[in-house]
Amino acid sequence: MKEYLNNIWSAISTIFIGMSVTWKHMFVPSVTIQYPDVKLDLPERERNRLYVNMDDCIGCDQCARACPVNCIEIETVKSLPEEDLGKTSNGKKKALWVTKFDIDIAKCCYCQLCVFPCPTECIYMTDVYEFSEYERENLLYDFATLTPDERVQKKINYEKLEAEKAAQKAAAAEAAAKAKAAEKKEDNKEQN
Amino acid sequence: MIYQFFSNLFNNQIIGYIISGALPLLFFILPFVLVAVYMERKVSAHMQDRLGPMRVGWHGVLQTIADLLKLLQKEDIVATPNDRPLFNLAPVVVFAGSYAAFAAIPFSSAYIGSNLDLGIIYIIAATGLVVAGILMSGWASNNKYTLLGAMRSAAQIISYEIPTLLVVLSLIMITGTMNLETLSQMQTGYFWNWMIFGGPGLGLEKFLLLPFMIIGFFVIYISTLAEVNRTPFDIPEAESELVSGYHTEYSGMKFSIFFLAEYANMFAVSAIVAALFFGGYQSPFGYLGNTLGAHWLVPIEQFFWFTVKGVFFVFVQMWLRWTLPRLRVDQLMAVCWKYLIPIAFVNLIIVGLITIL
């Protein structure tokens, strides 16, 4: 009987204690924020979407080699001797056309390992974290500044240069071979 | 009352029936549900230090209307293994049960659907129909969770009707009437005439009754809370274990009818508690209409007070919901059979002895 009455008393009193707690919480200011309107301040060293400042990129491929998931793909073409590509902001001379600089952000693991090797500090993490897409292809970011035509053109230019060089080399080699052959003949004659 | 007014107005009985029948639905239940769903979400949010709906309208006030539009557009799914006629009938039965209760609820001295002499007993009987609807829906859904929910609901509602009825009986013994209108009229004057404070009069009986009326109020409030399947007695529709119990398989409008019935039921039981213990539609401190001499204002004030009392008890239901965890099935039965029914019985006997003296 005593236990029975105790049960009733503890049930009623604990219900009122609980109700007073929830009543107090009615007037506690909300701990949540109205997310798309209000955003929390991110920590100082947050790692989010990668960005490449192509004005400073020298196409050294170090970021692509540092990447543990191979999400960066870079292709470069040597510039012609008469072309001037300008300088990076920290004074390095650019010598390569970057014809491809793709970052597959869907693969990116946000480890920031690509950021440290960069000699010109042109690849870095931004504070953008809302970039969801409906199509997976849209997550393949193309950073190269050249137009598709220019990219092809730069390749052709370089190939022409190479071909010219090769032709010159071949011509030079032929000439050298001829000269050698002529020398040998003369030597043979002398021996005979 | 209201039926006579409308049949005289249109000189046609059928139009009178239809209008008086649809009036509480269109002008009371639907707006109440719109407000109550919004209130439920806001109360729960603020009790959990959140903000709740904020984006549709000012502080999300139009959220319920947006939800309603969404529910209207949804596909009405009836799966092949479902028992089609029962499945379609169940929401109607559930809603009819809770709507029938509104016929005898006295909203104000000028508006009561039907001034039944058996008022309170009729309401308890009509809300009993809800059990049939819930069982139908649980069985027709052909799903083990819905069936479990429906069985639990039936067991729960039927067992909790006993303490409700015992407390109602003790009130009937004091007042000598089952008519809710007369019951409300008896508690007129100031708030110390309410039944919770021992009823009208200032004799010794009032002070003897006072503690037992408070016990009675607690018992009837807890048991009506269980009858409308609200937390902590929401095991029939436990979201986390039964995936919402008996209305799991319903979608679109049928689901919203269940929802409507649940909220209508919440108000109905709150209204019963208010009418029995808290003076019904009587104002706690006199009427403005009487002091100003504008007597037409009195019924409007009474309607206001009745709604305020009803909504307050609905608020307390929400408050309890976000305070207490759900009971186990055995605990639920223990609360009813081991605690509420014996207490209500002892209460009934003591109240009976006091009224004899």
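In what follows, every chain begins at residue 1, and chains take the letters A, B, ... in the order their sequences are listed.
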Query raised in the report: Is there side-chain contact between A:D37 and B:R55, with heavy atoms separated by less than 4.5 Å?
Result: yes
Query - Donor-acceptor contact below 3.5 Å, side chain A:Y4 vs main chain B:K338 - result: yes
Query - Heavy atoms of other groups near B:F315 CZ, more than 12 under 6.0 Å - result: yes
**Report entry** Min side-chain heavy-atom separation A:I8-B:I343 under 4.5 Å
**Finding:** yes
Query - Exceeds 12 heavy-atom contacts within 6.0 angstrom, atom CE of B:M39 - result: yes
Query raised in the report: Looking at CE of B:M47 and OG1 of A:T22, how far apart are the two atoms once the value is rounded to the nearest 0.5 Å?
Result: 4.5 Å
Query raised in the report: For the atom pair NE2 (A:H25) and CD (B:Q48), what is the distance rounded to the nearest 0.5 Å?
Result: 10.5 Å
Query raised in the report: Near A:N6 CG, under 6.0 Å, is it more than 12 heavy atoms from other residues, nucleotides or ligands?
Result: yes
Report task. Identify the heavy atoms of A:M26 and B:V43 that sit nearest to each other, and give their distance. Result -> SD-O, 4.2 Å
**Report entry** Beyond-backbone contact of B:D49 with A:S30, side-chain heavy atoms, under 4.5 angstrom
**Finding:** no
Requested in this report: Begin from the C-alpha positions of A:I15 and B:L320 and carry the test side-chain contact (heavy atoms from CB on, under 4.5 Å) through to its verdict.
Outcome: CA-CA 8 Å; A:I15 285 171; B:L320 278 168; 4.0 Å; yes
Query - A:W23 side chain reached by B:T323 side chain, heavy atoms, under 4.5 Å - result: no
Query raised in the report: Quick check: does any side chain N or O of B:W319 sit under 3.5 Å from a backbone N or O of A:M19, one acting as donor and the other as acceptor?
Result: yes
Query raised in the report: Once the angle between the rings of B:F218 and A:F16 is folded into 0 to 90°, is it parallel (under 30°), tilted (30 to 60°) or perpendicular (over 60°)?
Result: perpendicular
Query - Toward chain A, the part of B:L324 with a non-hydrogen atom under 4.5 Å - result: side chain
Query - Minimum-distance pair of heavy atoms, taken over all atoms of A:Q34 and B:M54 - result: NE2-CB, 3.0 Å
Requested in this report: Decide if atom CD of A:E3 counts as having more than 12 heavy atoms of other residues, nucleotides or ligands within a radius under 6.0 Å.
Outcome: no
